[in-house]
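Please read the structure below before turning to the comments.
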Amino acid sequence: MPQLCDHLLTADWLLTQDENRTVIQDAAIAISNGLIQSLGPRADIVAAYSPSRPENFLRLGLVMPGLINSHTHISMTLLRGLADDLPLMEWLTKHIFPVEQKLTPEMVEMGALLGCLEMISTGTTAFQDMYLMETAVARAVDATCMKAVLGEVIFGFPSPAYTTLDAGRNLVREMARSWRGHPRVRVAVKPHAIYTTDPDILGQCLRLAREEDLMIEIHLAETASETAQCLERFKARPAPYLNSLGLLGPRTLAAHVVDLDDNDIDILVNTKTRLAHMPESNMKLASGIARIPELLAKGAVIGLGADGAASNNNLNMFGEMASCARVHKVRAMDPTVMDSQTGLDLATLGGAQCLGWPELGSLIPGRPADLIALDLNSPNLQPMYNPVSHAVYAATGHEVCLTMIDGEILYRDGRFLKTDYEGLLKEIGEIRQWIQKHVL
Ligand SMILES: [Zn+2]
C-alpha cells in the first residue's frame, strides 16, 4: 500500500544540488508538510507514494532547487528604467536617492510585491533584501509566501523611514523582535556602505547585530572610486577598514566586492565573510568584474544577486547565472575558469550560505520543498544532453512553469496562485503616474 503524501512530482530530469550534485533522469519527489519526504528514480517513488488528491500528481520537465537572490533592493522595481547608462555615484545621488526620498510605505510594499512576483515567475524562492521602510517589504514577502532576510538600510543621514541613527537602529531592533520566529521572514542589520556611514555608525550596527543575534549586510568595494574615497577618509582600503572595525566575519554578507587587491581577498577569505556577486549590475554600471574565480579558488563563500531592478534591470536569477558563467571567461580570456555547475552552485548553495539559511538551495529529504520546474518543451531547451548546461546557458527563466515554496504551489503555467496580479498592475501604473508627475 503506497504511503500518502501531499504532492507527488515526476521530473524528466532532477537536479538535486546535494553534496554529490546528483542528477536523476526519470525522477520523482514526494512532498509532505512542506518538506521533501523522499526523492529518487521515478519507478521507486511512484510505487512507494501516492498523493492525497489526484490533482496533486504533477508531471514536470526539469526540476531543480529554487534559486536564491543574495542581494537586492526589491522595491527598486518601481524605478526600473527611470535612469540608465550613468556611473554609480551620479546615478545614485542625482536620480535614485531623490525619488526614494518621496516614496511612501504603501509604494514600497507595492514595489516589493512586484519584485516578489517577478522572482517567483523566474524561479527564485528566497532572497536577501536591503531597502527603505523594510517593514513594508516584510508584509509583501509574507503575502507572497516567499522567503527572505530583510533589513532597513542604515545611512549616516536621515532616510524617509527615520530621522536619527537611534531611530533607525530602533526600527531594526523592533522589526527583528516582531518577526522573530516567523518561518519565512528573517531580519538583518544593513548599514548601506562605507561611503554613506562612519566608524561610529558601523560600530553601533555591529553591536546591534551581536545583541539581537542578526546577520549584517553591507555594500563593499563596489567601485574603484569607493576605494579612493575610503583611502582618503580612513587611510585604508574598504576591506581592511571594515575588518579593523570588526565588521567582517561569517555573520557579514559583503555585496559586490569588485575592487579588491590580493590582500583584500585574503582578508575576506580568512574572516569567512559571505560575499554576494552581482555580475549584471556591475556590468551595467561599469563598476568592474569581481575576482570571483580567484575568491572561489581560495575557498570564499559566494552567492549571486540581481541588485536592484534599477541597475540591472530585472530580478531574474537565470540571467545572473548566465552572465556570471560568461563574464569571468572573457575577463580571464579562458573558458575554463567558470563552468556551468559553479554558476548553478552560486545561485543555490552559495545563496543559502549568504542568507545564513543552509537548509535552502538543495533538494534533499527532510529539507523544505522550495523548488522550480522548467518546461523542457521550450524550443531553446531542446535537445537535452546536460540539464546543468541548459539551466545555466540555455534557459532564460521564462521557461519556469512551476514555483513551489514550503510545498505550496505559488506559480503554475503563467498564473500566480496566491496573488491578485491584475490588481497589482493597476497599483503599479498609478505609482508610475505619481512619480512622473511629482518627482521627475
Ligand atoms: Zn546593492
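In this chain, numbering begins with 1 at the start of the sequence shown. For clarity, every value in this text was computed on a predicted model and none was experimentally measured. We count ligands from 1, going down the list as the structure has it; atoms in each ligand are counted the same way.
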Under the side chain to side chain contact (heavy atoms under 4.5 Å, CB included) test against Q17, which residue among L363, V23, T348 passes?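 The residue from L363, V23, T348 that satisfies side chain to side chain contact (heavy atoms under 4.5 Å, CB included) with Q17 turns out to be T348.
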
If you look at H73, which of its N/O/S atoms is nearest to the Zn ion (ligand 1)?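 Result for H73 and the Zn ion (ligand 1): NE2.
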
Measure from the Zn ion (ligand 1) to every N/O/S atom of D307 and report the name of the nearest one.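 It is OD1, the N, O or S atom of D307 closest to the Zn ion (ligand 1).
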
Give a yes/no answer: is there an N/O/S atom of H71 under 2.8 Å from the Zn ion (ligand 1)?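 Yes.
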
Should we count NZ of K272 as having more than 12 external heavy atoms under 6.0 Å?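 Incorrect, the count does not exceed 12.
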
Decide yes or no for W179 and R186: does some side-chain heavy atom of the first lie under 4.5 Å from some side-chain heavy atom of the second?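 Not in contact.
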
Would you mind checking if K284 and D307 are paired as a salt bridge, meaning a charged N to carboxylate O distance below 4.0 Å?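 Here D307 does not pair with K284 in a salt bridge, since their nearest N and O are not under 4.0 Å apart.
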
